[in-house]
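Everything numeric here is computed off the predicted structure, so don't read it as measured data.
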Amino acid sequence: MEWLLYLSVAIIAVAFAALVFYLIRTLISMKQTLDNVSSTVEGLQQQVDGITKESQELIHKTNLLADDIQRKSDSLNSVFAAANDLGETVQNVNHSLKTVSAAISKKANEQSDQVAQAVKWGNVALDFWGKWKAKKADIDTKEKKVK
């Protein structure tokens, strides 16, 4: 019976050794996993720091670009104001030209009646002159016949 006790103790010792062996393997595997997780977290931290730095630089460049665009936009405002003034000036010149053109047309219409009247009187005068010349030529031919 004593040998049964030694056998039981031996089985318990072997079981305990197997348990310790598998426990040690599990702890070593867990340590490797935690080391990998730790290195991954460190890598992520470095990447986050890099992204943060690049984001700050990008925000700074964006602010500079926005300031530059604002300055250029402000300088263009004067160009657009000048273009607006030029447009108004052209409109004023067009209005003045229309007014002058209308006045000239009105004056031409008023004087066209006078010109037409003068042409009629000129035609009447030419008719009288032609008749007078014909009459004078007729008288001259009659005098020549008489002589």
Which value, rounded to the nearest 0.5 Å, describes the distance between [X] atom [atom1] and [Y] atom [atom2]?
| X | Y | atom1 | atom2 | value |
| --- | --- | --- | --- | --- |
| Asn92 | Ser96 | CG | OG | 6.5 Å |
| Asn77 | Asn84 | CG | CG | 12.0 Å |
| Leu58 | Thr62 | CG | OG1 | 4.0 Å |
| Lys136 | Trp129 | NZ | CH2 | 10.5 Å |
| Thr40 | Gln47 | OG1 | CD | 10.0 Å |

Check whether Val20 and Ile11 end up in the same hydrophobic cluster, where Ile, Leu, Val, Met, Phe, Trp and Tyr are linked by side-chain heavy atoms less than 4.5 Å apart.
->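 Cluster IDs for Val20 and Ile11 differ.
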Spell out, yes or no, whether Ile24 and Phe16 are grouped together once hydrophobic residues are joined by side-chain heavy atoms under 4.5 Å, including indirect joins.
->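 Same hydrophobic cluster.
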From CA spacing to verdict: side-chain contact (heavy atoms from CB on, under 4.5 Å), Gln32, Ile28 = CA-CA 6 Å; Gln32 289 174 346; Ile28 288 173; 4.2 Å; yes
Can you check salt bridge (Lys or Arg N to Asp or Glu O under 4.0 Å) on Lys131 and Asp127, steps first, answer last?
-> CA-CA 6 Å; Lys131 287 179 183 178; Asp127 285 342; over 6 Å; no
Salt-bridge test for Asp68 and Lys72: reply yes if a basic N is under 4.0 Å from a carboxylate O, no otherwise.
->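 A salt bridge links Asp68 with Lys72.
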So does Asp67 pair up with Arg71, basic N to acidic O under 4.0 Å?
->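 No, no charged N to carboxylate O under 4.0 Å.
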May I have all residue pairs that pass side-chain hydrogen bond (donor to acceptor under 3.5 Å, both in side chains) and include part of residues 49-59, sequence neighbours excluded?
->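 As it turns out, the side-chain hydrogen bond (donor to acceptor under 3.5 Å, both in side chains) pairs with a partner in residues 49-59, which skip direct neighbours, are Gln45-Asp49.
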Pair Gln70-Asp74, side-chain donor/acceptor within less than 3.5 Å =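 The criterion, which ignores hydrogens and geometry beyond distance, is satisfied for Asp74 and Gln70.
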For the pair Ser73 (side chain) and Ile69 (backbone), establish whether a donor and an acceptor sit closer than 3.5 Å, ignoring hydrogens and angles.
->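 Not confirmed, Ser73 side chain does not pair with Ile69 backbone.
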Backbone of Leu34 reached by a side-chain donor or acceptor of Ser38 within 3.5 Å |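 Here the side-chain-to-backbone pair does not exist.
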Do His60 and Leu64 have side-chain heavy atoms sitting under 4.5 Å apart?
->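 Of all side-chain heavy-atom pairs linking Leu64 with His60, at least one is under 4.5 Å.
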